[in-house]
Amino acid sequence: MKYKSLKGVHDIYPPDIFIWQRIENISRDIFRNYGYREIRLPIIESTEIFTRSIGETTDIVEKEMYTFTDKGGRSVTLRPEGTASFIRSYVEHYLYNEPSPQKFYYMGPMFRYERPQSGRQRQFYQIGAEVIGAESAMMDAEVISMLSLILERIGLDNLSFEITSIGCPDCRPAYTAALKDYIREKIESFCDDCRRRFDINPLRLLDCKVPSCIKEREGSPAVIEHLCGGCGEHLESLKHHLRILGVSFVINPALVRGLDYYTKTAFEVKSMSSSGSQNAVAAGGRYDRMVKEFGGPDLPGIGFAIGMERIIQLARSLNDEFEGPDIFICSLGDDESAKALGLANRLRQKGVWAEVSHDKASLRSQMNRANRIGAKSVIVIGENELKCNTAKLKAMKSGESSDVSLSADDIATALNKLVG
RNA sequence: GUGAGUGUAGCUCAGCGGCAGAGCAUCUGACUGUGGCUCAGAGGGUCGCGGGUUCAAGCCCCGUCACUCACCCCA
């Protein structure tokens, strides 16, 4: 084999593509009911868009970005996530000059240079939603319940909605100080990574999975206990409204986001039934300072992203029916084949999925093919049918048939009656 | 970046020094004009790649690449 796709990037083709389309369609339907409009963003941006927003010291920026220099000498990057691009676009096009809040969604590929494994690719797809201009925790609750509806409609269950608040620039310094005070005394008992993180990004200590570290940090101060008045009320209000909306959730104070731009609400949806360790199917949070940092007005934002590959893994088992053609037209002889082709053409113009045989083949093998591709009905045009201008339309599943004239109108009507 | 496992037909895999195989899938026929069942046959291979050992290497050895899984981190 001469060419293969690159490591960590994959083709998506039938039958999997049907699951992708189903999930995209369900999402679009629900976004519409919640007033979200689609926005299509470039997959490539100035590197600075990401380094400034995601954070210079995050893993994404430090080692996972597809960054290169273009022919004009600019540093450009394949987007590792969607929010930064969205905010750039939002500010660039003055989208805040529309009734507030503004709600957008997008679907598309993201890129991170990592070692692939189950549920993790280098090119992976996200369905994202972003809301700008809503400060109230009611919006946080609405966004999370919309996410819940999407996942439920797709057919996923056994999901855990985990929620926390990571505070704001007012309360975070006090919390980090408290955390560092607690850890500092026993820093020697933590793993190398944790010791490194202690100075760079102490919140990350809470996410370490090394058993000894988990033990050592037991009893460490929790973020949600050090929230300022505003952040505390926001979290309480979110919990209240989630209960009103009937979304069950758990508070997970150890939830840490891999991006620096989050404030207040952060949440993650985990699959309890996923076999691999990549069990986060969607994640999001509030980013109240980001629009301003991108040179726009001081507007709050909140959003989430669904990991397509991860929900596909879970949804694959519940994939059901795939559609076959409405009618397969068999023909015997050149004149008959020409008739079949013309008929198929007219049927297609009327919205019927019609297939014909393009190669000379025995009726048996044509029937076989009709069966294999899942045709709902079949019609045979031979010498006799051509002469009388009538034929038998046969429903493949039931075996029932009815006589029709060889006109697209009659066939379409008969099809409706015979196979729906 | 670190560690482990696996590379043989389109797919799932067997073969473990001695002619490159099975099941499924595809195509054809048995059955001039009605599919699904059955039977027979056909097509399809750089045994990942390179080197070494051997009279002889999918098989053993070395290297390399790819894939998978896990760690790190994340969607």
Side-chain angles (χ1 to χ4, degrees), chain A residues 1-10 13 54 57-64 79-83 107-128 147 191-194 196-197 201 204 207-210 255-259 267-271 274-285 303-314 324 328-333 336 359-386 391-399 401:
Chain A
M1 198 169 309
K2 205 168 175 188
Y3 298 114
K4 294 174 68 176
S5 66
L6 261 29
K7 184 197 283 283
V9 316
H10 295 286
Y13 50 92
I54 295 170
T57 64
T58 57
D59 278 17
I60 293 179
V61 169
E62 273 182 351
K63 53 185 195 190
E64 294 172 4
R79 63 179 185 190
E81 60 106 31
T83 303
M107 334 184 142
M110 308 293 162
F111 303 83
R112 291 184 202 172
Y113 193 86
E114 298 179 271
R115 284 281 281 271
Q117 69 187 72
S118 180
R120 174 187 298 156
Q121 284 78 41
R122 287 183 171 180
Q123 175 173 345
F124 60 102
Y125 291 76
Q126 289 188 337
I127 297 177
L147 171 60
C191 69
D192 291 348
D193 272 339
C194 280
R196 186 174 56 86
R197 292 179 188 126
N201 199 343
R204 289 244 157 263
D207 202 29
C208 184
K209 283 158 190 123
V210 176
L255 205 60
V256 179
R257 307 279 62 229
L259 307 96
F267 58 92
E268 195 164 301
V269 185
K270 290 178 180 166
S271 162
S274 116
S275 49
S277 59
Q278 256 59 55
N279 62 351
V281 299
F304 65 75
I306 300 171
M308 266 301 250
E309 284 79 1
R310 293 186 184 179
I311 59 177
I312 297 279
Q313 273 187 334
L314 299 170
F328 189 100
I329 307 173
C330 301
S331 56
L332 303 152
E336 290 82 356
D359 303 306
K360 281 204 171 71
S362 68
L363 182 64
R364 177 181 197 80
S365 81
Q366 291 185 56
M367 285 298 293
N368 232 315
R369 172 138 185 268
N371 187 51
R372 291 305 314 276
I373 64 178
K376 294 188 190 113
S377 72
V378 72
I379 192 168
V380 179
I381 303 179
E383 201 180 342
N384 241 351
E385 286 83 357
L386 199 58
K392 271 191 172 26
L393 177 70
K394 175 177 173 179
M396 292 297 273
K397 216 165 181 177
S398 64
S401 63

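Letters go in sequence order (proteins before strands), and every chain restarts at 1.
Listed by first residue number, the stems of RNA chain B with at least three Watson-Crick or G-U pairs below 3.5 Å are B:1-7 with B:65-71, B:10-13 with B:21-24, B:26-30 with B:38-42, B:48-52 with B:60-64.
Remark: C1' of B/A75 and CG of A/L255 are 13 Å apart, rounded to the nearest angstrom. Here the C1' atom of nucleotide B/C74 and the CZ atom of A/F111 are 17 Å apart, to the nearest Å. Taking atom CD of A/E62 as the reference point, atom P of B/C72 lies 17 Å away to the nearest angstrom. In this structure, the CD atom of A/Q121 is 12 Å from the C1' atom of B/C74, given to the nearest Å. Atoms CD (A/Q366) and P (B/C27) sit 13 Å apart, rounded to a whole Å. In this structure, A/E64 places its CD atom 15 Å from P of B/C71, rounding to the nearest Å. When the P atom of B/A75 is taken as reference, atom CD1 of A/I306 falls 13 Å away, rounded to whole Å. The distance from atom OH of A/Y13 to atom C1' of B/C11 is 10 Å, rounded to the nearest whole Å.
For the C1' atom pair drawn from B/C55 and B/G1, the interatomic distance equals 47 Å after rounding to whole Å. With both ends at atom C1', the span from B/C11 to B/G7 equals 15 Å, rounded to whole Å. Here the separation of B/C16 from B/U6, taken at their C1' atoms, is 16 Å to the nearest Å. B/G45 sits 27 Å from B/A56 when the P atoms are compared, rounded to a whole Å. Between B/C69 and B/G23, the two C1' atoms lie 27 Å apart (nearest whole Å).
Environment of CD in A/E62: crowded, with over 12 heavy atoms of neighbouring residues, nucleotides or ligands closer than 6.0 Å.
When atom types are taken as modelled, the side chain of A/R122 and the backbone of A/P116 share no donor-acceptor pair closer than 3.5 angstrom. When atom types are taken as modelled, the side chain of A/E309 and the backbone of A/Y125 share a donor-acceptor pair closer than 3.5 angstrom. Side-chain N or O atoms of A/R112 include one that pairs as donor or acceptor with a backbone N or O of A/P80 at under 3.5 Å. Of the possible polar contacts, none joining the A/R115 side chain to the A/G8 backbone as a donor-acceptor pair under 3.5 Å is found. Panel note: side chain A/Q366, backbone A/S331; a donor-acceptor pair is recorded below 3.5 Å.
A sub-4.0 Å separation between OP1 or OP2 of B/A70 and a side-chain N or O of A/Q117 is present.
For A/L332, the side-chain atoms get nearest to B/G33 when compared with the rest of B/A70, B/G33, B/A75.
Within the nucleic acid shown, A/A370 has no heavy atom closer than 4.0 Å to any nucleic acid atom. Among the atoms of the strands shown, none is found under 4.0 Å from any heavy atom of A/S401. A/E383 comes within 4.0 angstrom of a base, heavy atoms only. Within 4.0 Å of A/E336, counting heavy atoms only, lies no atom of the nucleic acid at all.
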Decide yes or no on side-chain contact (heavy atoms from CB on, under 4.5 Å) for A/Q313 and A/S118, but give the supporting numbers first. CA-CA 9 Å; A/Q313 273 187 334; A/S118 180; 3.1 Å; yes
Taking N or O atoms only and anything under 3.5 Å, show me the protein contacts with nucleotides 1-5 of chain B, one pair per line.
residue	atom	partner	partner atom	Å
B/U2	O4	A/R115	NH1	3.1
B/U2	O4	A/R115	NH2	3.1
B/G3	O6	A/R115	NH2	3.1

Show me the protein contacts with nucleotides 41-44 of chain B, counting only N or O atoms at under 3.5 Å.
none

Taking only N/O atoms, report every protein-nucleotides 65-67 of chain B pair under 3.5 Å with atom names and distance.
residue	atom	partner	partner atom	Å
B/A66	O2'	A/K4	NZ	2.8
B/C67	OP2	A/K7	NZ	2.9

Taking N or O atoms only and anything under 3.5 Å, show me the protein contacts with nucleotides 34-38 of chain B, one pair per line.
residue	atom	partner	partner atom	Å
B/U34	O2'	A/K394	NZ	3.3
B/G35	O2'	A/N371	ND2	3.4
B/G35	N7	A/K394	NZ	3.2
B/G35	O6	A/M396	O	3.0
B/G35	N1	A/M396	O	2.4
B/G35	N2	A/N371	OD1	2.7
B/G35	N2	A/M396	O	3.4
B/G35	N3	A/N371	OD1	3.1
B/G36	O4'	A/N371	ND2	3.1
B/C37	N4	A/R364	NH2	3.4

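Note that OG of A/S377 is 4.5 Å distant from CG of A/L393, once rounded to the nearest 0.5 Å. Here the CD-CD distance, from A/E64 to A/E114, works out to 3.5 Å after rounding to the nearest 0.5 Å.
Base orientation of B/G29: anti (glycosidic angle beyond 90° from 0).
Considering only residues two or more places apart in sequence or on other chains, A/K7 meets the salt bridge (Lys or Arg N to Asp or Glu O under 4.0 Å) condition with none of them.
Positionally, the nearest nucleotide of RNA chain B for A/G382 lies more toward the 5' end than for the other of A/G382 and A/K63.
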